[in-house]
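As structure tokens, the structure follows; a few thoughts come after it.
Letters go in sequence order (proteins before strands), and every chain restarts at 1.
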Number of protein chains: 2
Amino acid sequence: MNQQPLINYLQKVLPMPTEKAEQIASTLQYKFVPKGTFLIEEGKVCDTSYFIAEGCARMYTNDMDGNDVTTMIFSNAMFANDFYSFFKRIPALESLVTMSDCETFFISFEDLQRNFHTIPEFREFGRMMLINGSFALKQRMLSMIKQTGEQRYAHLMETKPEIFQHIPLKNIASYLGITDTSLSRIRRDFMRKD
Amino acid sequence: MNQQPLINYLQKVLPMPTEKAEQIASTLQYKFVPKGTFLIEEGKVCDTSYFIAEGCARMYTNDMDGNDVTTMIFSNAMFANDFYSFFKRIPALESLVTMSDCETFFISFEDLQRNFHTIPEFREFGRMMLINGSFALKQRMLSMIKQTGEQRYAHLMETKPEIFQHIPLKNIASYLGITDTSLSRIRRDFMRKD
DNA sequence: TAACGAACTTGTCTTATGTCAAGTAGAAAA
DNA sequence: TTTTCTACTTGACATAAGACAAGTTCGTTA
């Protein structure tokens, strides 16, 4: 239950004095979460927010044909949440499941609201996290328009190589917007190049 | 300078007493913006936020090959902004240009920050707008994964038919993630069906 | 040990979409 | 009026990626 990764994350998103970061960190509770645990379940209101200090999780939903589509991949030092369900208090449209044993710090909706009202830095931190999340989403959306599946794969390999150790390729494929068949061929071609 | 669309929008995003909405609305200033005006310019810090009460605008950026890619289309009763540039005080990566004469209400970064600190409802409104924006972005990203260009076109025709009167098809095509050639064929096939 | 199932690969064929180039139409400029 | 430009369309061909089906590999269960 080393809080350092959480403190570092808080300060990275919104520069603030270490004491403030420690104060905020102390409002989250440590929890070990084994592989295969659902942190968010589709259809239920998401009322806990998880910081994944160590480990890896996958958010997914089903499309009209019932196919499992990975919508987001969380790994070391990221906040995992369905903000839409969390803040609007409506059933989540997606599920979140751990893909490895995880070291997490969590906070309930109530405690988070209290923080919002009592710690201005937390408010700012929350805003920055939403803005950063939106930016990442927009970049990913643009990569769907501007790049090929192969380019998206190469980028993912560079930026988050660790996820390939925990997440099946078929799930990574849907995250990249391609089929598992295509990903398999892309990987074969990559092997041959190197 | 009828503020009603703005007041309606505020209350739609975050239900609040009409007096509160009117108070917030009074912190924005009316401005008529002719077609072809840049509200945000790539490379400059975005320090004004615009509510487009009436009219239509297009956000775009250039990809590596120098192609113009439409990243977002704003029309009646929407807030147009580059939050990433606005809140982080860094140069915008995109430009925003009006595609028709527009009736707008704008607010400066300073006034908005003041509102954040003095009007709790405004703070909540801002948070909700960010969350709604993220949700829309995620849906659009998923539509790039799960749907064909034709399906995305059909959806856009249903939800924002008005933009086809002001925005050239080539710009709409890049927004849909297809080429203008493909959009032209999709539209031809649609004509034949009906 | 054998059987099974999930993850992954590969072959074949199809399809959506892109690329490039030529052509049309209408508005704006000369 | 003629010219020019931009938006848009269309044809011919190329390519990325999907669909489907048949393996292969490997860990788990019986």
Margin query: What does the B/S/- profile of nucleotides 7-19 of chain C look like, 5' to 3', with a 4.0 Å heavy-atom cutoff to protein?
Written below: SSBBBB----SSB

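Under the 4.0 Å criterion applied to side-chain N and carboxylate O atoms, A/Lys88 and A/Asp82 are not assigned as salt-bridge partners.
Using cut-offs of 30° and 60° on the angle between ring planes, the pair A/Tyr50 and A/Phe106 is tilted. Using the six-membered ring where Trp is involved, A/Tyr153 and A/Phe164 have ring planes that are perpendicular, over 60° apart on the 30 and 60° scheme.
Among residues two or more places apart in sequence or in another chain, the salt bridge (Lys or Arg N to Asp or Glu O under 4.0 Å) test is passed with A/Lys12 by none. A search for side-chain contact (heavy atoms from CB on, under 4.5 Å) contacts involving A/Asn76 returns A/Glu54, not counting sequence neighbours.
The end-to-end axis angle of the helix from C/dT1-D/dA30 to C/dA30-D/dT1, rounded to 10 degrees and based on five pairs per end, is 30°.
Note that OG1 of B/Thr70 and NZ of B/Lys170 are 9.5 Å apart. Values are rounded to the nearest 0.5 Å.
Contacts classified as side-chain hydrogen bond (donor to acceptor under 3.5 Å, both in side chains) and involving residues 31-40 of chain A (residues at least two apart or in different chains) are not found.
A/Ser75 and A/Glu162 share a donor-acceptor pair across their side chains, judged by distance under 3.5 Å alone.
Think of the region where chain B sits on DNA chain D: with heavy atoms and a 4.0 Å cut, that region ends 5' and 3' at D/dA7 to D/dA12.
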Notebook entry, point to check: side-chain contact (heavy atoms from CB on, under 4.5 Å) between A/Glu124 and B/Phe116: does it pass, once the steps are laid out?
Noted result: CA-CA 10 Å; A/Glu124 284 301 305; B/Phe116 259 118; 5.8 Å; no

Note to self: What verdict does the side-chain hydrogen bond (donor to acceptor under 3.5 Å, both in side chains) test give for B/Glu94 and B/Thr71, after you've listed the backbone C-alpha separation in whole Å, the side-chain angles of each residue and the deciding distance to 0.1 Å?
What the structure shows: CA-CA 8 Å; B/Glu94 303 167 272; B/Thr71 56; 2.5 Å; yes

